[in-house]
There are 2 protein chains.
Amino acid sequence: MSPDTPETAPERRRGSGVKLVYESLRDEILNLVLAPGSPIDEVQLAERFGMSRTPIREALVRLAGEGLVETLPNRSSMVSNIDFLNLHTFFDAITLMYRVTTRLAALNHQPADLQAIRAHQAAFAAAVAAQDALAMIATNRDFHAAIAEAGRNPYYTALSLRLLDEGRRLLRLYYQSFDDRLPQEYADEHAAIIAAIAARDVYESDRLARAHADQIVQQIQRFFARDRRQDLPL
Amino acid sequence: MSPDTPETAPERRRGSGVKLVYESLRDEILNLVLAPGSPIDEVQLAERFGMSRTPIREALVRLAGEGLVETLPNRSSMVSNIDFLNLHTFFDAITLMYRVTTRLAALNHQPADLQAIRAHQAAFAAAVAAQDALAMIATNRDFHAAIAEAGRNPYYTALSLRLLDEGRRLLRLYYQSFDDRLPQEYADEHAAIIAAIAARDVYESDRLARAHADQIVQQIQRFFARDRRQDLPL
DNA sequence: TGCGCATTTCCTGTCGACAAGTAAAATGCA
DNA sequence: TGCATTTTACTTGTCGACAGGAAATGCGCA
């Protein structure tokens, strides 16, 4: 990092500063570029983005509203920690949202929705083929986000987006550690889900979404439950 | 309103300003003191609360994050409109959250949770007896919020709180227009829900929560669908 | 009188500065 | 040396001010 080199030229459109900071920090948090628990210094960010603390602060308030940043009074904010002890609540919620949004997508989707969903699935498949973990994570998120959008319930969409983003951090941990060939299975499951949505088969959409969620949850749970002790000869 | 009389003395603890503004505006929005769609002037609020625009702005950003305020670039923010055309998405979501959180409460509640739930139910019954519509709305919200808390899934709790608060505005419209004796039924249903949770009967909790939600939804839908034309002799 | 354009006014977005509060460093004492 | 206390440094919370944009106003012209 070079602290004295601002990322952008000082030429900014009025109102774009907050957006830039918000999106940059958000991406860095979700991609684990900023480690959970690491402190966030407003002055430092102001220097880095070449703007005053005011827009930085607004971006941080918004991120805090989404739970990505935790702020202690009169003290440094920090990147939210991942609550490993309560991961089951996350798994429970994302499974329910997968099911509900996929069902609604089967009911309410329109041609443009299917087109978008298929595009994201193609991007996911490409990322799998290219072994690009970061792209897999991002496109997987976009795929399910597009399904949620097609369901046309903004409350479900908002919660799904929050869960999918939180999931990006978990998947990042997962893929950082070891790669196996599992993603191809995900791609196949995605294709089946698309078919069920396109056929407007609510029951099958629900069943596949649940199986897909269970698959991912079990995979991640196994990963986090692994025994990482090294078998040292003593 | 007297614009030149600040609501509080200038003595404030550092950091309390944002909280005060946030909670005040939030209450006024949810109780329809501030009409949906009405503009929000930062300077005016700054004068009213006797502070600068900075903490006002932060409170507005937080409210915007919860969807209670909409902000247009370079233009006045405004109180979020109620989207009557998509009320069904609200009903769908709150019904699901009633069911899920009540089920989880039956599974996960601890003694202190039951105590809190019963206390809110007592307050609701008192409000019904006193014919205090505003108190009914607030205590009804608190009752279901306590159930969500007892379920111990922060994702569900957060969505439930958002839906319950949005529901406060709808109920306010409802009770503003006419009072009938229905709330006593709600109190009875609440009592049955408490019994099911205490008995850890997941199936019955789900059934009662769904029936309770259906009851309220149908009531409100009938209200908003009423024919308000006056039968004038022409 | 009605319409298009320039001007003005008003509100927001951003800035730099100051004060309060906290954590760490420095100091004094046993 | 170890601990309690004061001092210092640093970070946030708040403030007043200025500049950019959009709506409202006023003007000129057909």
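What you see below is based on every heavy atom in this structure, not just the backbone, and it leaves out hydrogens, waters and symmetry mates. Residue numbers begin at 1 in each chain, while the letters A, B, ... track the order of the sequences.
Closest to the side chain of Met51(B), out of dC15(C), dC15(D), dT12(D), is dC15(D). Residue Val43(B) has its side chain nearest to dT12(C) when only dT12(C), dC15(D), dC15(C) are considered. Side chain of Pro55(B), nearest nucleotide from dA22(D), dT12(C), dC15(D): dC15(D). The side chain of Ser52(A) approaches dG16(C) more closely than any other nucleotide in the set dG16(C), dA23(C), dC18(C). When distances run from any side-chain atom of Arg14(B) to the nucleotides dT12(D), dG16(D), dA17(D), the shortest one goes to dT12(D).
Per the geometry, CG belonging to Leu45(A) stands 12 Å off P belonging to dT11(D), to the nearest Å. In this structure, Glu42(A) places its CD atom 17 Å from P of dA17(C), rounding to the nearest Å. dT14(D) atom C1' lies 18 Å from atom CD1 of Ile56(A), rounded to whole Å. Distance, Tyr22(B) OH to dT14(D) C1': 21 Å, rounded to whole Å. With rounding to whole Å, Gln44(B) atom CD is found 15 Å from dT12(C) atom C1'. Nucleotide dT9(C) holds its P atom 21 Å from the CZ atom of Arg75(B), rounded to whole Å. In this structure, Glu58(B) places its CD atom 12 Å from P of dC15(D), rounding to the nearest Å. Following rounding to the nearest Å, Glu70(A) (CD) and dT12(D) (C1') show an atom-to-atom distance of 17 Å.
If you check every strand for non-hydrogen atoms under 4.0 Å, Ile40(B) touches sugar and phosphate atoms only. Contact annotation for Val18(A): backbone-only contact, meaning every heavy-atom pair under 4.0 Å involves sugar-phosphate atoms and none involves a base. When heavy atoms are screened at a 4.0 angstrom cut-off, Ser76(A) is found touching the sugar-phosphate backbone but no base atom.
In this structure, Arg169(A) pairs ionically with Glu166(A), as a charged nitrogen and a carboxylate oxygen lie closer than 4.0 Å. Salt bridge present: Arg48(A) and Glu28(A) bring a charged side-chain N and a carboxylate O closer than 4.0 Å.
Between Gly17(A) and Pro73(A), the residue whose closest nucleotide on DNA chain C is further toward the 5' end is Gly17(A). Each of Arg53(B) and Asn74(A) was assigned the nucleotide of DNA chain C with the nearest heavy atom; the assignment lying further toward the 5' end belongs to Arg53(B).
Here Asp165(B) contributes atom CG and Arg141(B) contributes atom CZ; the two are 4.5 Å apart, rounded to the nearest 0.5 Å.
Side-chain contact check for Tyr22(B) and Glu66(B): at least one donor-acceptor pair (N or O, by modelled atom type) lies under 3.5 Å.
Here the side chain of Asn31(B) pairs no donor or acceptor atom with the backbone of Val33(B) at under 3.5 angstrom.
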